[in-house]
Amino acid sequence: MRSDTPAWIAGTDARLIDRLHGGFPLVDRPFAAVGAELGLSEDEVLERLRVLLAGGLLTRFGPLFQIERAGGQFVLAALEVPQERFEAVAAQVNAHPEVAHNYRREHAFNMWFVVAAETPARAAEVLAAIEAETGLPVAAFPKEREYRVELRLPAARDAK
């Protein structure tokens with residue numbers, strides 16, 4: 001989460017995020033169905049999502065797949081980034097479309113990110129490119145086993 005992001009999101013946007021966090025309707029016009037539940041038009045739902053993504057309040061919106069079943073690979077990776085370079089390195093890492101997200105940790109490995117690639121070879125290429133671009137060694141932890149942890153934190157303050 002960006003440092004200027006509020007701890008909660010108010011009103012309709014929070015209810016929209018909570019509604020879209022799981023249980024996405026499998027119908028011809030899912031955004032219209034969600035909008036009907038929330039008293040919004042399909043266009044309003046789509047525009048709110050665009051604004052939330054463009055503003056960085058949402059970093060991604062989309063399905064989660066077991067990428068290995070399709071021949072791909074997820075890799076959790078970490079870097080030890082000097083504090084004075086953190087933002088610049090984050091921009092370099094995030095410039096790769098295969099990087100799903102990254103986050104700061106209070107640890108020697110202070111930047112963690114996930115690479116999602118179409119093949120294990122492509123994942124290795126992306127990690128090597130990040131290493132070359134940043135000049136920092138990448139610690140890579142390819143997924144060995146799948147665990148399902150369904151943690152849902154409500155965005156709406158009044159959500160139960």
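The analysis underlying the following values was restricted to heavy atoms, covering all of them including side chains, and did not include hydrogens, waters or symmetry mates. Predicted model only: the values in this text are computed from it and were never measured.
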Are Arg15 and Thr12 packed together at the side-chain level, in the sense that at least one heavy-atom pair is separated by less than 4.5 angstrom?
yes

Which residue pairs satisfy the salt bridge (charged side-chain N to carboxylate O under 4.0 Å, His left out) criterion with at least one member in residues 117-127, sequence neighbours excluded?
Glu98-Arg122, Arg122-Glu125

Side chains of Leu136 and Met111: closer than 4.5 Å at any heavy-atom pair?
no

Test Val114 against His101 for side chain to side chain contact (heavy atoms under 4.5 Å, CB included), laying out the working first.
CA-CA 6 Å; Val114 175; His101 59 278; 3.6 Å; yes

For Val138 and Ala77 the tightest heavy-atom approach is CG1-CB, 3.8 Å

Could you tell me whether the side chain of Leu38 reaches within less than 4.5 Å of the side chain of Val45, counting heavy atoms only?
no

Testing the basics here: between Ala140 and Leu127, what is the closest heavy-atom pair and its distance to 0.1 Å?
CB-CD1, 3.9 Å

How close do Gly71 and Pro120 get, heavy atom to heavy atom, and via which atoms?
O-CD, 3.4 Å

Tell me whether Ile130 is reachable from Phe86 by hopping between hydrophobic residues (I, L, V, M, F, W, Y) whose side-chain heavy atoms are closer than 4.5 Å.
yes

Check Gln73 against Pro142 and note the closest heavy-atom contact, atom names and distance.
NE2-CB, 3.5 Å

If every non-hydrogen atom of Asn102 is compared with every non-hydrogen atom of Ala90, which pair is closest and at what distance?
ND2-O, 4.0 Å

From the list Leu57, Leu52, Leu49, side-chain contact (heavy atoms from CB on, under 4.5 Å) with Asp13 holds only for Leu52

Salt bridge (charged side-chain N to carboxylate O under 4.0 Å, His left out) pairs, two or more places apart, involving residues 76-91:
Glu87-Arg104

Within one Ile-Leu-Val-Met-Phe-Trp-Tyr cluster: Phe74 and Leu79, side-chain cutoff 4.5 Å:
no

Closest heavy-atom pair and its distance - Ala129, His96
CB-CE1, 3.9 Å

Same apolar cluster: Tyr103 and Val93, side chain cutoff 4.5 Å
no

For the hydrophobic clusters of this structure (ILVMFWY residues joined by side-chain heavy atoms under 4.5 Å, transitively), does one cluster hold both Leu40 and Leu53?
yes

Classify the ring geometry of Trp112 against Phe109: parallel below 30°, tilted from 30° to 60°, perpendicular beyond 60°.
perpendicular

In terms of ring plane angle, is the pair Phe31 and Phe61 parallel, tilted or perpendicular, where the classes change at 30° and 60°?
tilted

Can you hop from Val75 to Val81 via hydrophobic side chains spaced under 4.5 Å?
yes

